[in-house]
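To find a chain, count down the sequence lines: A is the first, B the second, and so on, and within it residues start at 1.
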Amino acid sequence: MTDTRARGESPPGERPRGRTDDVTGGPSGADGGPTGEDGDPTTGGDSHDDRDGSPDSTEAGFRVRHSVIDRESVSFVRATVENPAPVDRQVRVENRLDSAVLPPRRDGVPEEGWNEDGFVGTVPAGGARTLGYACEAPPTHPPVAVSGSGRVDDADESDPSAADVVRKLGRAAPPGDAVPSAGGDTAAGEHASSTPDPEPSAPDPEPLPAADDGRPGAPRETTVEGESDGAVDGATVEEVNDGTVDAAAAEAWLDAVEARVELGERLTGASLATATDAVADAGGIDAVADLPETLATDAATLDAVAGRAARLAERARETDVPAEALGELA
Amino acid sequence: MILAVASGKGGVGKSTLAFELAAALDGLVVDADLGMANLPTGRGPDLHDVLAGRADPREAVRDGPVRILPCGRSLAGARAADVRRLEGVLDAVDDPERPVIVDCPAGMRADAGVPLAVADACLLVASPERFALADAVRTRELARELDAGLVAVAVNRTVEEPPLAAFEEALGAPATAVPADPRLGRAVSTGRPVVRTAPSSDGGRAIQALADEMRRVRPTST
């Protein structure tokens with residue numbers, strides 16, 4: 001009973017001590033419960049009357065103890081089933097909470113014997129099994145109903161199913177970090193690791209947003225640390241720590257703008273021959289089609305930057321940091 | 001009927017033999033190597049799409065000299081593919097007249113195990129080297145565990161008389177030597193199975209012998 005309080009202080013989703021890590025999933029989502037099933041017959045013995053535990057009861061010839069921990073709309077149910085008979089017996093532990101069982105899983109597949117109603121399995125002669133699962137429903141009492149279906153005959157070994165195989169052998173899918181991110185990016189280093197696990201519907205064929213809105217994105221390979229959105233507006237530059245790297249990004253942006261402006265200048269009032277050359281250099285008529293619009297956006301952005309730069313310069317000049325005095329105080 | 005072509009190590013010629021056997025048995029070859037596909041694909045949905053629930057198995061089958069259900073090449077596709085769906089997929093393309101030959105991945109993970117669990121029987125491909133035998137034995141154990149009866153062993157790319165008796169004794173199934181033949185190596189990429197283009201060559205005859213072994217298999221389940 002005291003144990004209940006102790007467990008109440010542990011973080012949600014913590015597994016019972018002594019469990020191995022191979023049961024995946026947590027209390028949130030459908031990936032299953034945090035608790036496992038333990039076939040070790042000794043487990044039942046040393047866990048006497050812990051938790052809020054119900055006193056031992058006898059159901060269908062099994063000695064049963066159970067407890068429920070209520071944790072933020074998820075109930076963690078534990079049940080220990082002891083088989084005092086001298087033969088192995090089959091037990092059915094049925095969930096009575098008002099929602100489907102989230103069973104322990106391995107490689108995304110429920111452990112053997114579990115389904116959304118509960119657990120069916122064998123309890124060895126004179127031994128015990130401790131079972132645990134999660135359920136997205138408020139606790140009820142008792143949380144489980146135990147029934148038996150007699151002794152186990154050895155002949156019930158069925159053909160292994162695909163789920164059995166995945167459970168036993170483990171899935172061989174490449175890790176999420178190895179999969180190119182949804183932007184169709186090159187999965188280079190830092191980018192891939194920040195990709196949330198995709199249940200991916202193939203890499204998104206859509207290319208990264210290009211420098212089509214006049215924002216600096218064209219010289220992509222030089223932008224800061226492969227920032228995918230290529231946005232090097234004031235906010236981003238300030239957020240990204242190191243001044244020298246940012247200077248390179250700003251430089252790259254200015255270079256790109258300069259290239260566009262130069263192209264615009266060559267085309268301004270140009271003769272046919274000059275214009276033809278310039279268009280050819282720019283990579284065809286398509287490359288120039290949006291140029292007027294892009295240059296207008298460039299001009300507006302540059303004005304904004306210039307204004308802000310001037311204001312910042314002004315404020316910088318007006319500061320007077322008493323560094324020496326501060327140093328003496330420190 | 002579903003026949004798995006498996007091996008312990010990779011690179012021993014499973015895909016080639018699966019392709020040739022599908023040609024000899026007038027069957028369908030399924031490239032189940034989800035991570036390292038070998039058989040030619042082309043446009044259209046592939047096994048990754050099917051296992052991700054995005055395509056019907058039958059629409060992913062390509063007609064050609066040999067009918068192929070190809071597999072995609074992308075890591076994202078391999079990650080999205082749920083190998084547990086393979087059972088339903090293979091059942092869907094199974095045909096009483098035309099056996100399904102599954103080109104399995106190497107190794108011991110679920111992507112190699114599931115085809116074996118689903119298959120009625122399997123053929124094991126091994127290199128003619130002594131060290132290959134240990135890997136073949138491990139895969140044989142896996143197949144036994146998963147109820148895929150071993151029908152035949154193909155000792156592939158032999159250049160001299162291989163120790164067939166040793167393979168047969170260790171694996172408990174008839175072993176057939178498939179000689180190293182450049183035409184066999186090219187068969188998948190050219191789409192010209194040797195068993196049809198050169199049926200009387202040593203390679204063609206070996207494939208035919210393996211196909212005869214496979215024809216004896218009767219489905220385990222109805």
key: With A:Ala137 via side-chain contact (heavy atoms from CB on, under 4.5 Å) - residues at least two apart   = A:Leu97, A:Asp98, A:Ser99, A:Cys135
Residue pair B:Arg84 / A:Ala162: nearest heavy atoms and the distance that separates them = O-CB, 3.8 Å
key: Where at least one partner belongs to residues 16-45 of chain B, residue pairs that pass salt bridge (charged side-chain N to carboxylate O under 4.0 Å, His left out), sequence neighbours excluded   = B:Asp26-B:Arg98
remark   = Most contact-rich option vs chain A, by heavy-atom pairs under 4.5 angstrom, among B:Glu87, B:His48, B:Arg109, is B:Arg109
task = Step through the shown structure and confirm whether more than 12 heavy atoms of other residues, nucleotides or ligands are within 6.0 Å of CD on B:Glu97.
result = no
request  = Before giving the answer on side chain to side chain contact (heavy atoms under 4.5 Å, CB included), spell out for A:Arg171 and B:Arg79 the whole-Å C-alpha distance, their side-chain angles and the decisive distance to 0.1 Å.
outcome  = CA-CA 10 Å; A:Arg171 208 172 282 218; B:Arg79 187 160 168 75; over 6 Å; no
request  = Can you measure from NZ (A:Lys168) to CE (B:Met108) and round to the nearest 0.5 angstrom?
outcome  = 14.5 Å
query = Can you name the nearest heavy-atom pair linking B:Ala78 to A:Ala173, along with the distance?
reply = O-CB, 4.0 Å
message = Does anything in residues 124-146 of chain B reach chain A? List residues with heavy atoms under 4.5 Å apart, or say none.
response = B:Leu142, B:Glu145, B:Leu146
ask   = Looking only at heavy atoms, which two atoms of A:Leu169 and B:Gly113 are closest? And how far apart?
value = CD1-CA, 3.8 Å
request  = Could you tell me which residues satisfy salt bridge (Lys or Arg N to Asp or Glu O under 4.0 Å) with B:Asp94, sequence neighbours excluded, listed by chain and number?
outcome  = none
request  = Under 4.5 Å heavy-atom distance to chain A, tell me which part of B:Val114 shows up: side chain, backbone, both or neither.
outcome  = both
